[in-house]
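Each remark here refers to the structure printed beneath this line.
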Amino acid sequence: MARDFKALVRLNDWEVDQKRRALADQLRLLENLLALLQSLEEEMVRERQYATANPIEGGITYGAYAEQAIRRRDDYYGRIAEQEQIVNAAREQLRLAFLEFKKYEISEERRVAKIEAEQNRDEQLELDEIGITGFNRNRSK
């Protein structure tokens, strides 16, 4: 039973690690999307400045660029919202896995503490018996 219980603790610890890795992967994807959005925003500012500085060239091309950039930005916002939902789901899965792990870990700690208390009690009983026997021998002399 004890080995099975330790195996459950290890298994749940492994599952928590897997959930952490999955959450980290999803967070990286979210960060990448945020970086792409930031890059697009910076690009849009540069293009707007160029179009303002060069009205003839900018006036011809900026409208089409702005339309396409706005579509890309909206797409990024949608993808970011979806990724945030995925990240929240991964956080919830990690939370549940951690709670399960802690349940087994605390149970294992209590089991070990109970065994140690029983061993200490048995050891104390033996020491008490040795002490009483020694006292009775010294008293009878």
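The model shown is predicted, which means the values in this text are computed figures rather than measured ones.
- Contact of the Arg95 side chain with the Leu99 side chain is registered, since non-hydrogen atoms from C-beta on lie closer than 4.5 Å.
- For the atom pair CZ (Arg73) and OH (Tyr77), the distance works out to 5.5 Å, reported to the nearest 0.5 Å.
- No single ILVMFWY cluster, assembled from side-chain heavy atoms under 4.5 Å apart, contains both Leu94 and Leu29.
- With respect to Arg72 and Glu43, a salt bridge is recorded, a charged nitrogen being found less than 4.0 Å from a carboxylate O.
- At a cut-off of 3.5 Å, with distance as the only test, no side-chain donor of Tyr62 or Glu57 sits close to an acceptor on the other residue.
- For CD of Glu129, the number of neighbouring non-hydrogen atoms (other residues, nucleotides, ligands) closer than 6.0 Å is 12 at most.
- Salt-bridge formation is not detected for the pair Glu118/Arg121: no Lys NZ or Arg NE/NH1/NH2 atom is positioned less than 4.0 Å from an Asp or Glu carboxylate oxygen.
- Rounded to the nearest 0.5 angstrom, Gln83 CD and Leu34 CG are separated by 9.5 Å.
- A salt bridge links Asp17 with Arg20: the distance from a Lys NZ or Arg NE/NH1/NH2 to an Asp or Glu carboxylate oxygen falls below 4.0 Å.
- Note: Asp13 CG to Gln18 CD = 10.5 Å, rounded to the nearest 0.5 Å.
- Judged by distance alone, the side chains of Gln38 and Glu42 do bring a donor and an acceptor atom under 3.5 Å apart.
- The only member of Val87, Ile86, Ile80 that meets side-chain contact (heavy atoms from CB on, under 4.5 Å) when paired with Glu84 is Ile80.
- Between Glu123 and Gln119 the shortest side-chain heavy-atom distance does not fall below 4.5 Å.
- Annotation: side chain of Tyr104 is not in contact with side chain of Glu108 (no heavy-atom distance under 4.5 Å).
- None of Val9, Leu96, Ile106 except one satisfies the side-chain contact (heavy atoms from CB on, under 4.5 Å) rule with Phe101; the exception is Val9.
- Distance alone, capped at 3.5 Å, places no donor-acceptor pair between the Ser39 side chain and the Ala35 backbone.
- Nearest approach of Ile56 to Ile60, heavy atoms of both residues: O-CG1, 3.3 Å.
- Minimum interatomic distance between Val16 and Ala97 (heavy atoms only, all atoms of both residues): CG2-O, 3.4 Å.
- Under 3.5 Å, the side chains of Gln124 and Asn120 contain no donor-acceptor pair of N or O atoms.
- The side-chain heavy atoms of Arg91 and Leu27, taken from C-beta on, include a pair separated by under 4.5 Å.
- Note that CG of Asn54 and CD of Gln49 are 11.5 Å apart. Values are rounded to the nearest 0.5 Å.
- Side-chain heavy atoms closer than 4.5 Å link hydrophobic residues (I, L, V, M, F, W, Y) into clusters, and following such links, possibly through other members, connects Ile70 to Leu33.
- The neighbour count for Leu125 CG, taken as heavy atoms of other residues, nucleotides or ligands under 6.0 Å away, is above 12.
- Using a cut-off of 4.0 Å between Lys/Arg side-chain N and Asp/Glu carboxylate O, Arg28 and Asp25 are scored as salt-bridged.
- Atom CG in Leu127 sits 11.0 Å away from atom CD1 in Ile132 (nearest 0.5 Å).
- With salt bridges taken as basic N to acidic carboxylate O contacts below 4.0 Å, none links Glu15 and Lys19.
- With contacts defined as side-chain heavy-atom distances shorter than 4.5 Å, the pair Lys114/Arg110 does not qualify.
- By the 4.0 Å N-to-carboxylate-O rule, Arg79 lies too far from Glu82 to be salt-bridged with it.
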